[in-house]
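Only one structure is covered here, and it is reproduced in the block below.
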Amino acid sequence: MNILQAIIMGLIQGLTEFLPVSSSGHLVLTSSLYKYFANHEFLLNSSEEVFFDMVLHVGTLLAVLLFFKDDIIKIIKAFVNACVKRDFSEPEAKLSLFIIVGTFFTLLVAYPLKEFAEKLINLPWIVGIFLFITGCILYISEYVSEKQKEKTDKIDWKKSILIGIAQGLAAMPGISRSGSTIATGIFLGLDRVTCARYSFLLSIPIIIGASIFYPILELNLNEILNYNWISMAIGFVISFISGYFCIKYFLRFLGKHSMKVFAYYCWIVGIAMFLFFKFV
């Protein structure tokens, strides 16, 4: 890994983690194109690449924590107070429970898919198919949204479970995490901004858990010490900065516009990935 790779992939992660276009799919695309033009085998998928992907996700996690810091503090305080009083009637206390439930169902779905999802990193043409499917999900959700007469900002147990399941399915590279969770929320009658806010907050426990347990369970100290930490640090900073501004402007976008433009984008990129890596 070199510094140029770190800059490009950090920028891509920051922009695509929150836009409904699959950050994992775009990282596979970028990495595969680099390997193709640099004459590397696709199967050369080192532990450093996987770890770097995790570092980039931590960068965007920091962006979420900073952008939603006030909300997160309120949720934590409400949860602690509710535990002490044994009363979860307050909206923020309920939201904390919904995030916990959503996270549980995410893990329930995502963990069995882990090994299969990792194999797809070396099969970018299949990732292209999943990216095309993401476009279909976004388009259908917007069609449903246009037909809905009333939308709500209230999340309940059913919605938190189904959105958590959608996030778990997004373990597959090419299936957008933000896209699938926001679309599921729209199907359930939530407004776009509420969907996006809950989607971003729901990503926090998963990314924290992965960043803690992955290095412990999957890597050894000698491997980690030999990584290119300068490139890691550059990628981290870029993913954080680009991710923060992406959240800010994407929420404004959702308040006024539909996600159909992202559906078209996913269709174009997905088809191009499939054709290029399958037949070229």
Side-chain angles (χ1 to χ4, degrees), residues 1-67 117-128 130-131 134 170-179 200 203 206-208 210-211 214-215 218-219 223-224 226-250 262 265-266 268-270 272-273 276-277:
M1 181 193 306
N2 57 48
I3 292 176
L4 180 60
Q5 278 180 278
I7 293 172
I8 294 173
M9 296 187 75
L11 184 61
I12 289 174
Q13 168 64 21
L15 294 177
T16 60
E17 174 64 24
F18 305 110
L19 297 179
V21 295
S22 179
S23 63
S24 59
H26 278 75
L27 290 175
V28 169
L29 171 62
T30 306
S31 178
S32 297
L33 285 174
Y34 173 80
K35 291 173 184 177
Y36 178 83
F37 289 109
N39 295 317
H40 289 302
E41 293 291 334
F42 286 164
L43 295 180
L44 185 62
N45 186 50
S46 67
S47 61
E48 184 178 13
E49 286 183 88
V50 179
F51 185 77
F52 180 59
D53 184 25
M54 188 204 71
V55 169
L56 296 181
H57 277 81
V58 174
T60 48
L61 167 65
L62 184 59
V64 175
L65 293 176
L66 182 61
F67 190 88
E118 289 177 351
K119 292 178 181 178
L120 294 183
I121 294 174
N122 300 313
L123 298 169
W125 65 273
I126 295 182
V127 175
F130 282 124
L131 196 58
T134 290
M172 310 297 290
I175 300 296
S176 169
R177 188 203 62 79
S178 63
F200 296 159
S203 71
I206 293 297
I207 299 176
I208 290 176
S211 64
Y214 176 79
E218 303 291 339
L219 302 175
E223 285 183 326
I224 295 175
N226 290 325
Y227 291 164
N228 186 340
W229 281 99
I230 295 177
S231 294
M232 295 273 182
I234 291 173
F236 172 84
V237 171
I238 291 177
S239 68
F240 161 66
I241 295 173
S242 57
Y244 180 86
F245 285 102
C246 184
I247 295 172
K248 179 179 179 179
Y249 293 109
F250 181 51
F262 298 109
Y265 174 83
C266 288
I268 293 170
V269 176
M273 281 184 71
F276 182 83
F277 291 107

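As a basis for the values below, the full set of heavy atoms in this structure was taken, side chains included, without hydrogen atoms, waters or symmetry mates.
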Does the side chain of [X] reach to within under 4.5 Å of the side chain of [Y], using non-hydrogen atoms?
X: Y265; Y: L19; value: no
X: V64; Y: F18; value: yes
X: S176; Y: V21; value: no
X: L33; Y: F277; value: yes

Would you name the heavy atoms of [X] and [Y] that are closest together and state the gap between them?
X: G174; Y: S24; value: N-OG, 3.5 Å
X: V127; Y: L120; value: CG2-O, 3.5 Å
X: S23; Y: Q13; value: CB-OE1, 3.4 Å
X: P173; Y: S22; value: C-OG, 4.3 Å
X: M9; Y: L56; value: O-CD1, 3.6 Å
X: T16; Y: H26; value: CG2-CG, 3.9 Å

Does the pair F200 and F67 meet the rule for a ring-ring contact (aromatic ring centres under 6.0 Å, His included), with working shown?
CA-CA 10 Å; F200 296 159; F67 190 88; 8.2 Å; no
What distance do [X] atom [atom1] and [Y] atom [atom2] have between them, rounded to the nearest 0.5 Å?
X: I238; Y: L11; atom1: CD1; atom2: CG; value: 7.0 Å
X: M273; Y: I126; atom1: CE; atom2: CD1; value: 10.5 Å
X: L27; Y: I8; atom1: CG; atom2: CD1; value: 12.0 Å
X: Y249; Y: L15; atom1: OH; atom2: CG; value: 13.0 Å
X: S231; Y: Q5; atom1: OG; atom2: CD; value: 8.0 Å
X: I207; Y: L62; atom1: CD1; atom2: CG; value: 11.0 Å

Quick check: does any side chain N or O of [X] sit under 3.5 Å from a backbone N or O of [Y], one acting as donor and the other as acceptor?
X: S239; Y: F236; answer: yes
X: S32; Y: V28; answer: yes
X: T134; Y: P20; answer: no
X: T60; Y: H57; answer: yes

Please check if atom CD1 in I230 has more than 12 non-hydrogen atoms from other residues, nucleotides or ligands closer than 6.0 Å.
no
When the ring planes of Y227 and F51 are compared, do they come out parallel, tilted or perpendicular, using 30° and 60° as the limits?
tilted
Partners passing ring pair (Phe, Tyr, Trp, His ring centres under 6.0 Å) against F245 (at least two apart in sequence or in another chain):
none
